[in-house]
Amino acid sequence: MDIGLKKKIKDESAGLVDWLIEIRRDVHAHPEIGLQETRTAAKVAEELQRLGLEVKTGVGMTGVIGLLEGGSPGSTLAIRADMDALPISEQTGLPFASKNKGVMHACGHDGHVAMALGAARVLAGLRASLTGNVKFIMQPAEENYGGAKDLVEEGVLENPKVDGIIALHIDAHESVGKLTIKAGPLGAAADVFMVSINGKGGHGSEPQACVDPIHIAAHAVTAIQSMIPRTFDAREPVVVSVCSIQGGSAFNVIPDSVHFGGTVRTLSEERRAEIPEKLEGIVRGITATFGATYDFTYIHGAPVTANEPGMTELMSGVARELWGDDNVVEMEKPLMGSEDYCYYLQKVPGVMGMLGAGKDVGETYPAHHPRFDFDERCLSFGVELLAATAVRFLNRTD
Ligand SMILES: [Zn+2]
Ligand SMILES: [Zn+2]
């Protein structure tokens, strides 16, 4: 990259520290659940408009798209940030803690909003030297709904056509100034299953007159937990967790039915495709053995999130150049969590990097914890990396 341009990006990003913190804290204090991000979206739209971007609001309900056109025509890079918070009661005690009861930015999306706006500010200042466009996809409902899916269906990757996409996710487990990144699977596919075991209720003293669904459900849950690891190759991760079970309401009544359900996480589409039949087969066999019937529902959620190797190389190369080789860490293992960023990655080559945001003092709480917080010094690093990666992508003849 042009040395003058690189220095400009570094200086501009560093100069935004106070402004970034202000944005992050404002968004943090006013968190909104997915598809209700009206205040956040209005603020985002206002900032992007102020920078002279072409702004569309109400995309996928509350999403905001900003288009920055460079000085000369070329390809289009998208920078994606999610805007939604979680249904968690904040316990950080921070001066800018959530003012919305029971809602909290506990995944760093407040930081993502600030960084994308910061990158917009830096890139708007470099507009004349950009060959192509930067599209800012400010997305709703990552946590609860898979908002990215609706945005893709509404055509956010078209007009102009997006040629590549980048994003950063706050990572409170790594130090500020570091990027953790890997090509290939980064996050798991996340599916949901639900089972009803239909037996025959009756008096607790007369199980012989009943078909006891609690007993059968206990067998089914145990069989699921033992069959899955004994059926699939241990080198290819599959996580099946039964996370809820309901049945019965009295100590002396055998109920008619029991319901349970859970989550399935896989890292390959091949493995994922095999799970529904396997799970249903276990339930079918167990219920048949004990003379009950069952209902089985399997819902496919987000697919595997997989970083495209070329885009991964691009972002990690830029980070090495900016921060040095020692500060770019190869992610050893993918996360079994899911990310709706996968819906963009299914359509265009892209990458998500994990931006080091760990605090030097105090305890580190994981994302989605009521005490989750991160070191705000990471924000200007994120801006610098997003902006420099965008420039590198667009001005590829550099
Ligand atoms: Zn999250
Ligand atoms: Zn997140």
Side-chain angles (χ1 to χ4, degrees), residues 1-17 20 74-75 77-81 108 111-112 114-116 118-123 125-126 129-132 134 163-187 305-335 339 341 345 348-358 360 374-398:
M1 193 187 311
D2 179 273
I3 292 182
L5 209 51
K6 190 164 87 181
K7 185 172 181 320
K8 204 160 177 206
I9 292 173
K10 261 191 172 302
D11 293 348
E12 291 279 328
S13 306
L16 292 180
V17 169
L20 290 166
S75 46
L77 179 82
I79 294 179
R80 176 272 206 169
H112 301 171
M115 291 191 291
R121 245 180 105 159
V122 172
L123 290 166
L126 301 173
S129 50
L130 298 179
T131 306
V134 185
D163 302 293
I165 185 164
I166 59 171
L168 290 173
H169 201 296
I170 295 276
D171 174 11
H173 296 289
E174 188 53 271
S175 319
V176 171
K178 284 186 188 278
L179 175 74
T180 307
I181 192 163
K182 87 184 271 302
L186 171 80
T305 304
N307 282 338
E308 195 266 335
M311 291 297 288
T312 308
E313 192 50 48
L314 179 90
M315 183 181 268
S316 63
V318 171
R320 280 175 211 284
E321 213 174 293
L322 293 170
W323 307 337
D325 287 348
D326 292 349
N327 290 317
V328 179
V329 185
E330 166 85 15
M331 185 188 276
E332 284 174 23
K333 297 178 208 129
L335 308 162
E339 217 332 311
Y341 190 60
L345 295 179
V348 293
V351 59
M352 170 178 275
M354 306 298 290
L355 182 74
D360 294 341
F374 61 87
D375 189 328
E376 291 167 325
R377 286 177 305 155
C378 74
L379 298 173
S380 62
F381 283 88
V383 169
E384 190 181 309
L385 183 57
L386 290 172
T389 307
V391 170
R392 170 65 57 82
F393 182 88
L394 296 177
N395 300 7
R396 268 169 295 188
T397 49
D398 268 5

Exercise for review: Please determine if R80 and E339 form a salt bridge, counting it only when a charged side-chain N lies under 4.0 Å from a carboxylate O.
Suggested key: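 Salt bridge between R80 and E339, a charged N being under 4.0 Å from a carboxylate O: yes.
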Review point. Which one of I181, L186, L179 satisfies the side chain to side chain contact (heavy atoms under 4.5 Å, CB included) criterion with M331?
Key: L186
Point to revise | I170 backbone acceptor or donor facing H112 side chain under 3.5 Å | key: yes
Quick one, [X] and [Y] - any side-chain contact, counting heavy atoms below 4.5 Å?
X    : Y    : answer
I165 : L77  : no
I166 : M352 : no
V391 : L5   : yes

Exercise for review: Give the C-alpha distance, both sets of side-chain angles, the deciding distance and a yes or no for side chain to side chain contact (heavy atoms under 4.5 Å, CB included) between E174 and M354.
Suggested key: CA-CA 9 Å; E174 188 53 271; M354 306 298 290; over 6 Å; no
Check your understanding: For R121, what residues pass the salt bridge (Lys or Arg N to Asp or Glu O under 4.0 Å) criterion, not counting sequence neighbours?
Key ->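 In terms of salt bridge (Lys or Arg N to Asp or Glu O under 4.0 Å), with neighbours along the sequence ignored, R121 is linked to no residue.
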Exercise for review: Would you sort out whether K6 and D2 count as a salt bridge (Lys or Arg N to Asp or Glu O under 4.0 Å), showing the intermediate values?
Suggested key: CA-CA 6 Å; K6 190 164 87 181; D2 179 273; over 6 Å; no
Practice item. Compute whether any side-chain donor of one residue and acceptor of the other, for R396 and S75, lie under 3.5 angstrom apart. Key: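 R396 vs S75: donor-acceptor pair found between side chains.
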Exercise for review: Could you pull out the closest heavy-atom pair between L130 and L123, with the gap in Å?
Suggested key: CD1-O, 3.9 Å
Review point. How close do L355 and C378 get, heavy atom to heavy atom, and via which atoms?
Key: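 Shortest heavy-atom separation between L355 and C378 comes out as CD2-O, 3.5 Å.
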Review point. Above 12 or not: heavy atoms from other molecules or residues under 6.0 Å from CD of E332?
Key: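 Atom CD in E332 is not crowded, with 12 or fewer foreign heavy atoms closer than 6.0 Å.
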Review point. When you measure from the centre of the six-membered ring of F381, is the NZ or CZ of R377 under 6.0 Å away and within 45° of the axis?
Key: no
